[in-house]
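Because the structure is predicted, anything quoted here is derived from the model rather than measured. In what follows, chains are A, B, ... by sequence order, proteins preceding strands, each numbered from 1.
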Number of protein chains: 2
Amino acid sequence: METRELRYFVAVAEELHFGRAAQRLGMAQPPLSRAISQLERRMGVVLLERTNRSVTLTEAGAVLLQEGRTALDAVEAAEHRAQRAALAAAGRASIVLATKAGASSELLAKLLHAYAAEPRSIQVDVLLCGPGEQERLLRNGRADVALLHRPFDETTGFEVEELLTEGQMAVLPAGHALTVRTDLHLSELADVPDLPMPRWPRPDGSYPDGPGPEVQSHSQLLQLISLGRALMVAPDSCRSQLHDDLVAVPIVDAPEVTTVIAWPPHSRSRPVADLIRTALRL
Amino acid sequence: METRELRYFVAVAEELHFGRAAQRLGMAQPPLSRAISQLERRMGVVLLERTNRSVTLTEAGAVLLQEGRTALDAVEAAEHRAQRAALAAAGRASIVLATKAGASSELLAKLLHAYAAEPRSIQVDVLLCGPGEQERLLRNGRADVALLHRPFDETTGFEVEELLTEGQMAVLPAGHALTVRTDLHLSELADVPDLPMPRWPRPDGSYPDGPGPEVQSHSQLLQLISLGRALMVAPDSCRSQLHDDLVAVPIVDAPEVTTVIAWPPHSRSRPVADLIRTALRL
DNA sequence: AGCAGCGATACCGCACGGGTATCGACGGCC
DNA sequence: GGCCGTCGATACCCGTGCGGTATCGCTGCT
């Protein structure tokens, strides 16, 4: 199977609409239709069920969508990593580190500082990601290493080392009734009438239903909290970077969050290994 | 990048010879040369250093070879798994389990037996592999689940659960001087003059240098041992399947071997989950 | 010097990918 | 209920690009 065919299929499977998929791919609809039926014929498998009004995935199609995405990521990763290896061989080596925007900033600062002091250290580019974005960057080769947060992020398929485990706190607007408390339970936060939990976009860009405001970034959310429109649950270490118009209260029964450093399996680059070793010594 | 280009590159990178690579790919040499230079031009990276007498990999080429192999495996896996999902949807579901030929046979028998007794169990096809072959089968989708043996097999990139940890024994021909011993040290086995360690083929089919006989299969090796031409180091559980012309002596300082059950990340198939659960209950 | 081995280049033909035009089927609507 | 709009499939055409053969150019060996 060619990656072109796979890209076409993934587009159609995601859009469930040949016209829109063709548009997204920058091509006309008929060749796309033909390419998909060719793919089905060659594989000997029906991937899409087309009634004249709608397109749905078969079982096999759902599997190919999932596996195909990771396969495309792997191809992309091969390409990127080879190009970056060429740069490195030309003396312009660098490490790309992906981390969730606004999380673990203290740990990250310490890590970058400690690594910079290492004898053989090289430039580290930090990529600030939205939630769930880091795994993708790691899988498609745009990042060499990432800070992930269990249990929120998926770590399967990567090598990981644990760096830090901490509890979680509720971040509230200063002056709110709950801020007088010394600790809280999760159940008390489930539906605080005036402070709903924010809604983050799903990978496809749509938002889940709910009462909370839609947010795209951390700074946006912090602003909403200080306006008294939302609350947030975040790891203890977030406390150090809060403005004084925000108050953090420990949550006694929240699941612990473990910050891990993750990298793609079989990554044999010397600088990445140095960085990981430095992180473990913190 | 198209998988066709990647397949071409991997062939050349493995052969380090355009003519042989072209032959292996079933095509003529000139189009292959052209395809590779096109790939290099499009990537903006030199992958191969050609002096007129030899072809060598650049740094970037080495990275692309490694990453490209796993990318090709991922594409192949997507294809296979989709086809198998179609079969499953048609009621002909099955699980392919890969295991090292001659290893863990007792555990495997128990597992198959226990799983067959499960209420929702389906057919399990067992694939007996040469050393190091299972990881490949798991990565390219020809197997759904595998029994691997740490620290010999590479488990990174898979999800794993530990099943059994055991010591190792030396397997010797009956009547050999060492068989009178109740235990042995690894150092004593390093160079027993008349019983060298066998040499297994590398993934590319060639053999490492050394005094031992070249072997391709477990039964071949067992035969060589009973002929007094080799010895073998194997997990304790191998004892149950030895003929009486072979004797196993415990090695006190050999690293422990852990048999794990491994499966590809994000595998969401019900039957595989059942099988794993059964294995953990043994 | 001559030859053999090997990768690169030149040139050619055809298959296939992509485009436009159009069809056919189904749903919605006044 | 007839008409239209939507959407995927089909028919047909064209150009690109892939693969083939022939040949060159370089280099190391004898």
**Student:** Write down the distance between CG (B:L32) and C1' (D:dG17), rounded to a whole number of angstrom.
**Tutor:**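 Distance, rounded to whole Å: 16 Å.
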**Student:** Nearest to the A:M27 side chain among D:dG20, C:dG7, C:dG18, which nucleotide is it?
**Tutor:**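 Per side-chain heavy atoms of A:M27, the pick is C:dG18.
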**Student:** Could you work out which one of C:dG7, D:dC18, C:dG18 sits closest to the side chain of B:R42?
**Tutor:**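 In terms of side-chain proximity for B:R42, the closest of C:dG7, D:dC18, C:dG18 is D:dC18.
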**Student:** Does the pair B:K100/B:E133 count as a salt bridge with the N-to-O cut at 4.0 Å?
**Tutor:**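 Here B:K100 does not pair with B:E133 in a salt bridge, since their nearest N and O are not under 4.0 Å apart.
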**Student:** Is it true that A:D73 and A:R69 make a salt bridge, defined as a side-chain N closer than 4.0 Å to a carboxylate O?
**Tutor:**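 Looking at A:D73 and A:R69, the cut-off is not met.
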**Student:** According to a strict under-4.0 Å criterion, is B:R4 in side-chain N/O contact with OP1 or OP2 of D:dC18?
**Tutor:**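 The answer is yes; a side-chain N or O of B:R4 sits under 4.0 Å from OP1 or OP2.
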**Student:** On the nucleotide D:dG17, are OP1 or OP2 found under 4.0 Å from the side-chain N or O atoms that B:Q38 carries?
**Tutor:**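 No, because none of the side-chain N or O atoms of B:Q38 sits under 4.0 Å from OP1 or OP2 of D:dG17.
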**Student:** Could you tell me the separation between the CZ atom of A:R34 and the P atom of D:dA9, rounded to a whole number of Å?
**Tutor:**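 Taking atom P of D:dA9 as the reference, CZ of A:R34 is at 12 Å.
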**Student:** Please state how far atom CD in B:Q29 lies from atom P in C:dA8, giving the value in whole angstrom units.
**Tutor:**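 Going from CD in B:Q29 over to P in C:dA8 covers 7 Å.
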**Student:** Please report, rounded to the nearest Å, how far the P atom of C:dG5 is from the CG atom of B:L16.
**Tutor:**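 Going from B:L16 (CG) to C:dG5 (P), I get 19 Å.
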**Student:** Could you check how far CD of A:E40 sits from P of D:dG8, rounded to whole Å?
**Tutor:**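 After rounding, the gap between these two atoms is 13 Å.
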**Student:** Whole-Å distance between D:dG20 P and B:L25 CG?
**Tutor:**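 From B:L25 CG to D:dG20 P: 10 Å.
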**Student:** Does the side chain of B:S33 get closer than 4.0 angstrom to OP1 or OP2 of C:dA8 through an N or O atom?
**Tutor:**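 So the side chain of B:S33 is within the cut-off, an N or O lying under 4.0 Å from OP1 or OP2 of C:dA8.
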**Student:** Quick test of your reading of the model: are A:E76 and A:R142 salt-bridged, counting only N-O distances below 4.0 Å?
**Tutor:**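 Here A:E76 pairs with A:R142 in a salt bridge, since their nearest N and O are under 4.0 Å apart.
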**Student:** I need the CD-P distance between B:E2 and D:dT16, as an integer number of Å.
**Tutor:**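 Atom-to-atom, B:E2 to D:dT16, this comes out as 19 Å.
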**Student:** Less than 4.0 Å between a side-chain N and a carboxylate O, is that true for B:E40 and B:R50?
**Tutor:**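 Judged by the 4.0 Å cut-off on N to carboxylate O distance, B:R50 and B:E40 do form a salt bridge.
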**Student:** Should A:R50 be listed as having a side-chain N or O under 4.0 Å from OP1 or OP2 of D:dA9?
**Tutor:**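 A:R50 to D:dA9 OP1/OP2: side-chain N or O found under 4.0 Å.
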**Student:** Within this structure, what is the CD-to-C1' distance between B:E5 and D:dG17, rounded to whole angstrom?
**Tutor:**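 Nearest whole value for this atom pair: 12 Å.
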**Student:** Quick check on B:E14: does its CD atom have over 12 non-hydrogen neighbours (other residues, nucleotides or ligands) under 6.0 Å away?
**Tutor:**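 Buried by this count: over 12 neighbours within 6.0 Å.
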